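Note that the structure is predicted; figures quoted are calculated from it, not measured.
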Amino acid sequence: MKTISTSELRSKTRSLVRTLENGKPVGLTHPCHKLASIFSVRQTNGISANDPLYRFHRHANAKAKPLSDREMDRIVYGG
């Protein structure tokens with residue numbers, strides 16, 4: 001996996017996008033420790049862009065009470 005720093009991310013965004021478009025993941029470091037792994041959602045790793053967890057943030061509300069496990073299951077799995 002190619003690894004870049006957060007400063008490189010700012011200066012080499014086009015290169016990062018091309019790498020992701022080619023289906024190759026990129027590691028992100030800040031400063032000198034691994035911060036994140038970035039991968040294309042088109043990548044076939046068993047996770048679909050339509051996965052309910054990718055849409056879970058739409059249910060967030062800063063003033064709402066926390067969701068129960070049952071409410072989270074209903075959002076993720078339907079029902």
Side-chain angles (χ1 to χ4, degrees):
M1 175 187 305
K2 178 180 178 178
T3 303
I4 62 171
S5 68
T6 51
S7 61
E8 287 177 299
L9 174 64
R10 288 188 291 274
S11 65
K12 298 180 179 178
T13 304
R14 285 184 190 181
S15 175
L16 169 69
V17 170
R18 278 193 298 270
T19 301
L20 293 169
E21 285 177 334
N22 289 325
K24 298 175 184 168
V26 177
L28 183 64
T29 60
H30 177 78
C32 301
H33 71 275
K34 189 158 184 174
L35 179 66
S37 294
I38 306 169
F39 61 93
S40 172
V41 293
R42 289 188 232 156
Q43 184 175 332
T44 57
N45 61 359
I47 300 173
S48 165
N50 294 324
D51 189 305
L53 291 177
Y54 282 122
R55 298 187 309 270
F56 201 74
H57 70 280
R58 295 179 190 161
H59 300 279
N61 182 334
K63 296 180 182 180
K65 66 179 178 62
L67 295 172
S68 69
D69 289 343
R70 182 173 288 189
E71 290 168 316
M72 285 188 274
D73 286 346
R74 181 184 49 77
I75 292 168
V76 172
Y77 303 112

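- Around the CG atom of N22, the shell of radius 6.0 Å holds more than 12 heavy atoms that belong to other residues, nucleotides or ligands.
- For the pair S5 and S7, the tightest heavy-atom approach, listed with the atom from each and the gap, is OG-OG, 3.0 Å.
- Residues passing the salt bridge (charged side-chain N to carboxylate O under 4.0 Å, His left out) test with K12, sequence neighbours excluded: E8.
- For L9, the side chain to side chain contact (heavy atoms under 4.5 Å, CB included) test picks out I4, L16, L28, with sequence neighbours left out.
- The side chain to side chain donor-acceptor pair (under 3.5 Å) search around T3 returns none, not counting sequence neighbours.
- K34 is linked by a side chain to side chain donor-acceptor pair (under 3.5 Å) to S37, counting only residues two or more places apart in sequence or in another chain.
- A distance of 9.5 Å separates CE of M1 from CD1 of I38, quoted to the nearest 0.5 Å.
- Residues satisfying the side chain to side chain donor-acceptor pair (under 3.5 Å) criterion with S68, sequence neighbours excluded, are E71.
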